[in-house]
There are 2 protein chains.
Amino acid sequence: MSVYTTVGHDQMQEWLKRYTLGQLLDLQGIASGITNTNYFVTTTHGRYVLTLFETLKPQELPYYLTLMSHLARHGVACPAPVADSTDQFSSMLAGKPACLVSCLQGADVERPSAAQCRAVGEMLAQMHIAGATFPGKMDNPRGPRWWSATAPQLYPRMRAEDAAMLREEVLFQDNHRFDHLPSGVIHADLFRDNVLLDGDRISGFIDFYYACNDVLLYDLAIAVNDWARNDDHSIDDERAAALLTGYQTERKLSTEEKRAWPVMLRAAALRFWVSRLQDLYFPMSGEMTYTKEPQVFQAVLSAHRTRLHFWV
Amino acid sequence: MSVYTTVGHDQMQEWLKRYTLGQLLDLQGIASGITNTNYFVTTTHGRYVLTLFETLKPQELPYYLTLMSHLARHGVACPAPVADSTDQFSSMLAGKPACLVSCLQGADVERPSAAQCRAVGEMLAQMHIAGATFPGKMDNPRGPRWWSATAPQLYPRMRAEDAAMLREEVLFQDNHRFDHLPSGVIHADLFRDNVLLDGDRISGFIDFYYACNDVLLYDLAIAVNDWARNDDHSIDDERAAALLTGYQTERKLSTEEKRAWPVMLRAAALRFWVSRLQDLYFPMSGEMTYTKEPQVFQAVLSAHRTRLHFWV
């Protein structure tokens, strides 16, 4: 259950006066979601999703919400934040910064088909293209500087051979620079649970709260490492190829990007291996205890280190 | 049939490269519509409406399209224009300025119920509230100055008694000023054929190409004169009251607005009587020959002149 902050019907009705969304008909807590509190809000106008941000601060929200608004306005499938009568996308509710976004059809899929991977790739490319005119800027808080600073804290807690592998990979990535590759707005967390599908059609990318400005190819590698991952953590060539093909129908990769691809897949695996180790060994006080397994991305990284990639 | 400008599949596919809407699947001309050419455009992302503007100039479009975008962003039910990769809502296609907007469910209704009138009133109030933060400005091209200038050209063409009535009404309106009433963005043409309904729910106001900045109560009067109008051109009290009640659930009318109401209903009837007379006697060259009957609004005006209005 992920309703950490409770909102009552009357309280919601009062807060809704900030908006031009009609009268409140129904308010339902949403069980899924790990970090924030979410509700379905039904008004005389339609259905919306209310998010109460449990950790993000009010001043951190405009980047994410104006980005989603920008992307939705360009036809990229994602929730569109609703502006209130002061033209803001967020304000305080029950002591938390809160926003309303449009409610999308569809559901996430655990075992995506190649066709679905292709659709994800296509939409990701379109998100990258549409992001080009977005004026906001946000550094990637989970980039090379972060993992280089974080890894040394992890080594002492890890088994010697795992620590050696991590140390080696951080060093390897240090020796590869991606500054010359096309960059822009990336989702940075486009896992299967952050995409709603309606059959083979993308009904929306969701959860933009890791979005930032970084190398576009890195976003693609993060997506492939999850969407094409088998249960044994190996990468399925067919789904990986489908995602890349879908991406390239909208945005062709350059020769330099193709050359960087095998290293980028490792960087994307490293990022989640490190963050999951950090969550495991140094859980934030008051944070949810739902920790994802670091081993998954260690295994993905391992696989990438021992094989060549000819998909592109 | 209202496809005045033909767009081919290949031409559309090429133009769609400006957008991040996926691949073109289908293109269908839309038979309804009087002034512009419209197509349904289905892409791998979804369904959109393409409008080719037959008379508006490219520089006139930003006001209307950014207004619709603003309103949609605030949850007011209306089509949301899609921005292209240069962040523009319109560009040239087949020699005409053109735009894509989201495709709404629903259909217009010829004989609205009181519940539907209520919903229209509610949404209109919300449009007025949401419009308060819209920065664009557009004078009303069909306001008192326009009808005062236009009426003298009509008198010689009209039957003497009709001309006398028109002259009298223009004079009457000249003696009433509305500058003190709340003003803002108005739709200015909220007839039954410009609202899509899905049961009793408003799925969208459409056709914003008369929208402008003017007195809000004038917009309400235009809507009541159409939505509450019976076949014999009299006004149905129940539907009029329902529309006003719906409006006031979201925006209460002031004492001054209530006082101005009977005169405003006459002003709103006068505006359409005059424009329809103008279309009849002075059709624009190259304009569509589909002319609406001026008598309807003469009759509405007549009815307003001879009765008192206690609905508010």
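A quick note: this is a predicted structure, and the numbers were derived from the prediction, not measured. Just so we're on the same page: letters track the sequence lines, and every chain starts at 1.
Heavy-atom distances place no part of A80(B) under 4.5 Å from chain A, backbone and side chain included. Proximity to chain A (any heavy atom under 4.5 Å) is shown, for R73(B), by both the backbone and the side chain. Neither the backbone nor the side chain of F134(B) comes within less than 4.5 Å of any heavy atom in chain A.
Remark: L21(B) CG to Q126(A) CD distance equals 7.0 Å, nearest 0.5 Å. Summarising the geometry, atom CG belonging to D84(A) is positioned 8.5 Å from atom OG1 belonging to T133(B); distances are rounded to the nearest 0.5 Å. Atoms CD1 and OH, on I129(A) and Y19(B) in that order, are 14.5 Å from each other to the nearest 0.5 Å.
Of all the heavy atoms in E122(B) and T44(A), the pair that sits closest is OE2-OG1, 3.2 Å.
Taking G22(B), S85(B), S69(B) one by one and counting their heavy-atom pairs under 4.5 Å with chain A, the maximum is reached by G22(B). Per-residue heavy-atom pair counts under 4.5 Å with chain B were compared for H70(A), K17(A), H74(A), and the maximum is reached by H74(A).
Side-chain contact check for M123(A) versus T20(B): every heavy-atom pair is 4.5 Å or farther apart. The shortest distance between side-chain heavy atoms of I202(A) and H45(B) does not fall below 4.5 Å.
Within 6.0 Å of CD on E238(A) lie no more than 12 heavy atoms contributed by other residues, nucleotides or ligands. With a 6.0 Å radius and a threshold of 12 heavy atoms from other residues, nucleotides or ligands, E110(B) has its CD atom at or below the threshold. Under a cut-off of 6.0 angstrom, the local environment of CZ in F191(A) is crowded, with over 12 non-hydrogen atoms contributed by other residues, nucleotides or ligands.
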Exercise for the section: Quick one: do Q23(A) and T249(B) satisfy side chain to side chain donor-acceptor pair (under 3.5 Å)? Show the steps, please. Expected result: CA-CA 9 Å; Q23(A) 305 299 311; T249(B) 57; 4.8 Å; no

